[in-house]
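For reference, the structure discussed in these notes is given below.
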Amino acid sequence: MDPEALSKAFVEHYYSTFDTNRGGLGGLYQETSMLSFEGEKIQGGTAIVNKLTSLPFQQCKHNITTVDFQPSGPAGGMLVFVSGNLQLAGEQHALKFSQMFHLMPTPQGSFYVQNDIFRLNYA
């Protein structure tokens with residue numbers, strides 16, 4: 001799969017899963033994976049999913065504005081940088097966010113999230 005198609009397919013899968021079933025994101029992370037969420041560092045797939053499923057809102061909708069990507073290193077990794085708006089249920093105004101993923105290939109031919117950095121963008 002070419003890098004652009006891979007990054008766009010990943011972004012569509014990640015955010016549609018986040019918006020409908022955050023617990024379903026567990027398969028995208030491994031025990032070496034790390035999430036930085038608003039400066040808080042969490043390591044390991046189980047701990048990351050626990051963080052995402054314990055966020056203080058039940059429903060949300062991500063609207064993606066941009067997706068940038070670059071191949072990363074000889075191992076076949078991929079950097080994916082996303083920006084967009086996050087609409088929480090019951091809130092009038094959307095929140096702007098940025099998120100960076102470092103995807104790494106698995107021996108089975110798929111990818112997992114090695115690094116994930118999320119920030120809300122305050123103006």
Side-chain angles (χ1 to χ4, degrees):
M1 185 179 282
D2 75 270
E4 182 174 10
L6 170 69
S7 62
K8 288 184 176 179
F10 169 78
V11 166
E12 182 177 320
H13 173 71
Y14 181 89
Y15 291 108
S16 65
T17 303
F18 189 105
D19 292 350
T20 59
N21 174 25
R22 278 179 253 169
L25 294 171
L28 296 177
Y29 296 95
Q30 296 187 357
E31 288 311 305
T32 59
S33 299
M34 180 167 273
L35 167 67
S36 293
F37 188 90
E38 290 290 300
E40 178 186 356
K41 292 176 178 48
I42 300 115
Q43 183 160 6
T46 302
I48 290 170
V49 170
N50 286 344
K51 172 65 177 178
L52 298 178
T53 56
S54 68
L55 293 173
F57 53 87
Q58 295 302 312
Q59 295 180 319
C60 66
K61 173 70 174 131
H62 289 85
N63 296 304
I64 305 307
T65 306
T66 62
V67 177
D68 296 297
F69 60 92
Q70 294 180 354
S72 172
M78 179 73 61
L79 293 175
V80 181
F81 183 77
V82 180
S83 63
N85 297 305
L86 174 60
Q87 184 67 53
L88 301 179
E91 296 292 327
Q92 183 176 359
H93 300 289
L95 302 169
K96 295 189 179 307
F97 77 94
S98 297
Q99 192 162 11
M100 189 282 304
F101 300 96
H102 187 198
L103 306 179
M104 293 300 291
T106 66
Q108 297 79 22
S110 61
F111 285 81
Y112 72 95
V113 178
Q114 176 62 45
N115 303 90
D116 179 352
I117 301 173
F118 177 89
R119 279 282 181 183
L120 291 172
N121 300 330
Y122 299 103

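Just so we're clear, the structure is a prediction, and the values are computed from it rather than from any experiment.
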Kindly indicate, with the supporting measurements, whether the criterion side-chain contact (heavy atoms from CB on, under 4.5 Å) is fulfilled by Q70 and M78. CA-CA 6 Å; Q70 294 180 354; M78 179 73 61; 5.8 Å; no
Evaluate L95 against N85 for side-chain contact (heavy atoms from CB on, under 4.5 Å), listing each step before the verdict. CA-CA 5 Å; L95 302 169; N85 297 305; over 6 Å; no
Is there a side-chain contact (heavy atoms from CB on, under 4.5 Å) between F69 and V82? Walk through the geometry before answering. CA-CA 9 Å; F69 60 92; V82 180; over 6 Å; no
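Listed by first then second residue, pairs satisfying salt bridge (Lys or Arg N to Asp or Glu O under 4.0 Å) with a partner in residues 9-31 number zero, not counting sequence neighbours. Within the structure, every pair that satisfies the salt bridge (Lys or Arg N to Asp or Glu O under 4.0 Å) test and touches residues 51-61, not counting sequence neighbours, is listed here: E40-K51.
T17 contributes no side-chain N or O that, together with a main-chain N or O of G24, makes up a donor-acceptor pair within less than 3.5 Å.
Q30 contributes atom CD, which lies 12.0 Å from atom CD of Q43 (distance to the nearest 0.5 angstrom). In this structure, the separation between SG on C60 and CG on L86 is 5.0 Å, given to the nearest 0.5 Å. Going from atom CZ of F37 over to atom CG of L120 covers 6.5 Å, rounded to the nearest 0.5 Å. Remark: D68 CG to M100 CE distance equals 12.5 Å, nearest 0.5 Å. Here CG of N115 is found 6.5 Å from NE2 of H102. Values are rounded to the nearest 0.5 Å.
You'll find the ring centres of F10 and F101 inside the 6.0 Å limit. With ring centers used as reference points, Y14 lies 6.0 Å or more from H62.
Residues L28 and D116 have side chains not in contact (no heavy-atom distance under 4.5 Å, counting atoms from C-beta outward). Looking only at side-chain heavy atoms (C-beta outward), E38 and R119 come within less than 4.5 Å of each other.
L79 and M104 fall into different hydrophobic clusters, where Ile, Leu, Val, Met, Phe, Trp and Tyr side chains are chained together by heavy-atom contacts under 4.5 Å. V80 and F97 fall within a single hydrophobic cluster, where Ile, Leu, Val, Met, Phe, Trp and Tyr side chains are chained together by heavy-atom contacts under 4.5 Å.
Among all heavy-atom pairs drawn from G76 and F111, the shortest one is O-CE2, 3.4 Å.
Qualifying side-chain contact (heavy atoms from CB on, under 4.5 Å) partners for T20, counting only residues two or more places apart in sequence or in other chains: none.
If you check the side chains of T65 and S83, you find no donor sitting under 3.5 Å from an acceptor.
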